[in-house]
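Any value given below was found using the heavy atoms of this structure, including those in side chains, with hydrogens, waters and symmetry copies removed. Sequence lines set the chain letters: A, B, ... in the order given, protein chains first and strands last, and positions in each chain run from 1.
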Number of protein chains: 2
Amino acid sequence: MVEESSRIADPGLRADARRNLGRILVAARAVFAEHGIDAPMATVARRAGVGVATLYRRFPTRDALVRAAFAQQMETCARALTEALADPDPWRGFQRLFETICELQRQEQGFPAAFVAAFPDSTAEHAQARERAERDLTILVRRAKAAGALRADFHPSDLAVAVLSHCGLVAALPHDSAASRRLVAYLLQSFRAEAAHGALPPPSALSLRGFPIAADGSQRQRPSRA
Amino acid sequence: MVEESSRIADPGLRADARRNLGRILVAARAVFAEHGIDAPMATVARRAGVGVATLYRRFPTRDALVRAAFAQQMETCARALTEALADPDPWRGFQRLFETICELQRQEQGFPAAFVAAFPDSTAEHAQARERAERDLTILVRRAKAAGALRADFHPSDLAVAVLSHCGLVAALPHDSAASRRLVAYLLQSFRAEAAHGALPPPSALSLRGFPIAADGSQRQRPSRA
DNA sequence: TCATAAGTGGACGCCGCCGTCCGTTTGGAC
DNA sequence: GTCCAAACGGACGGCGGCGTCCACTTATGA
């Protein structure tokens, strides 16, 4: 927490400013987790015990705040890729990469939304980092295929597909980690070269209550959960 | 379109009112597809060529409008379940059910969001329809397992997991139907009892540009796509 | 043709969020 | 201890969406 904010903080920042910045990031994660990344900026400021002006001085846009708040998680993802590449068993590396990302999204509410929101980020910035990540992933995929563990028709973009769909699941069911684990297990099994089913984690307790399949079509406008 | 609105419309409605109601539903789908289900009500009204008052008279809450707008799709889902149950080959029924739902979400932008938003609907209403859907799905799953096509450890809630994650994917990449198809294919293969890989649809053209794995951690707050 | 009630639409007041401005406080250098 | 620039925070004007109210229009049936 402390070293995290100091990592982001300008070292030339005054002591109180640095402290406030740390508080803001903590508050932002809490508020975003609780109310989503569209929560009012003032709510974050209040939670952090600072004025709105202070918040806006550090983070001119909500987007900047979101990025900063989840920079740690993003970095963990990046590190997971590096570690995956370093693993002598490429499949194990691949598997851990995917599981790490999904676990992060499961734990840190609001991170999935930030992840998705940041996804089509076409700013030229970080271009080199992105390219490296893409290259690294391609290498990892090639190795895992060569090892006979990853199916031959797997495409690197499939990892993005898997992660994004997992994001959506977690966003829809923020407290159902069983569902998340279930999805991860299913996907990993379908990515394996030799198509053998392993054991699955226990299913979600999720009932189908409200599952829209149940619509009977006779509905009329009416007030509802609002 | 016409018969759809008449299905929903009170038959005692005056002719112009019925016409406007139809326009509203069409406009709502278009606007929700374009701007998401949180688009201003006034936008829907303008698009429909009616005043806001008319819109509010028919649909007191945004939620009511969303439900009505996508009632057709919901019903299609319900019908798909019935058809799946009627299919002599339970696996084919199951597969088609899942594919139909996903295709609907792919086609009708905004439907996934409506689907997810409606999901934890705990109003007592439609309870019987929901129960029936749940029961039907359970039967379908049991049959497909008995036929040796669906893996034995599949749980009915896994369909919800699959659908919700697909919702999330479509929401994140509204125009990438290749990604959606890929996910569906992966999931269906991992649901099969005999773990054999079939051919996959072509991968998404999605590059990893902006994939948050690429974060380099050196970032600072800054303006961005906003 | 006319009476009437159903239907319409836009103007309007309300509210919550945004982002800035400015008077006040405080850290830290000397 | 003194000073000042950095930092602070809250008040405030602006904006945009919400939902209602009411004077006007029109379908319908006698």
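- Here A/Arg132 contributes atom CZ and A/Arg130 contributes atom CZ; the two are 12.5 Å apart, rounded to the nearest 0.5 Å.
- The CZ-C1' distance, from B/Arg46 to D/dG17, rounds to 11 Å in whole Å.
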Show each protein N/O and nucleotides 19-21 of chain C N/O combination with a separation under 3.5 Å, one pair to a line.
from	atom 1	to	atom 2	distance (Å)
C/dG19	OP2	A/Tyr56	OH	3.4

Please lay out, stage by stage, how A/Phe32 and A/Gln109 fare under the test side-chain contact (heavy atoms from CB on, under 4.5 Å). CA-CA 7 Å; A/Phe32 289 157; A/Gln109 305 287 359; over 6 Å; no

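- For B/Arg58 against B/Leu21, the heavy-atom pair with the smallest separation is CD-CD1, 3.5 Å.
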Generate the contact string for nucleotides 25-30 of chain D. Rules: B means base contact, S means sugar-phosphate contact only, - means no protein heavy atom under 4.0 Å. -BSS--

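- Checked against A/Cys102 for a side-chain contact (heavy atoms from CB on, under 4.5 Å), the options A/Leu188, A/Leu169, A/Val184 give a single hit: A/Val184.
- Taking 4.0 angstrom as the limit, B/Thr54 places none of its side-chain polar atoms (N or O) nearer than this to OP1 or OP2 of C/dG7.
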What nitrogen or oxygen pairs link the protein and nucleotides 12-15 of chain C at under 3.5 Å?
none

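- In this structure, A/Arg58 places its CZ atom 11 Å from P of D/dG9, rounding to the nearest Å.
- B/Arg23 has its CZ atom 10 Å from the P atom of C/dT8, to the nearest Å.
- Taking each heavy atom of A/Val116 and B/Ala172 in turn, the nearest pair found is CG1-CB, 3.8 Å.
- Each salt bridge (Lys or Arg N to Asp or Glu O under 4.0 Å) pair with one or both residues in residues 166-176 of chain A, not counting sequence neighbours, would appear here, but there are none.
- In this structure, NE2 of B/His35 is placed 11 Å from P of D/dG17, rounded to the nearest angstrom.
- Closest of all the heavy-atom pairs between A/Phe98 and A/Leu159 is CD1-CD1, 3.8 Å.
- For residues 93-103 of chain B, the salt bridge (Lys or Arg N to Asp or Glu O under 4.0 Å) pairs, not counting sequence neighbours, are B/Asp87-B/Arg96.
- Distance A/Leu55 CG to D/dG10 C1': 14 Å, rounded to the nearest Å.
- With rounding to the nearest 0.5 angstrom, the CG atom of B/Leu97 is 6.5 Å from the OG1 atom of B/Thr100.
- Residue B/Asn20 has a polar side-chain atom (N or O) positioned under 4.0 Å from OP1 or OP2 of C/dT8.
- The CZ atom of B/Phe59 sits 16 Å away from the P atom of D/dT20 (whole-angstrom rounding).
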Enumerate, atom names and distances included, each donor-acceptor pair closer than 3.5 Å involving a side-chain atom of residues 33-56 of chain B, sequence neighbours excluded.
from	atom 1	to	atom 2	distance (Å)
B/Glu34	OE1	B/Arg47	NH1	3.4

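- In terms of heavy-atom proximity, A/Phe70 sits nearest to A/Glu108 at CE2-CG, 3.5 Å.
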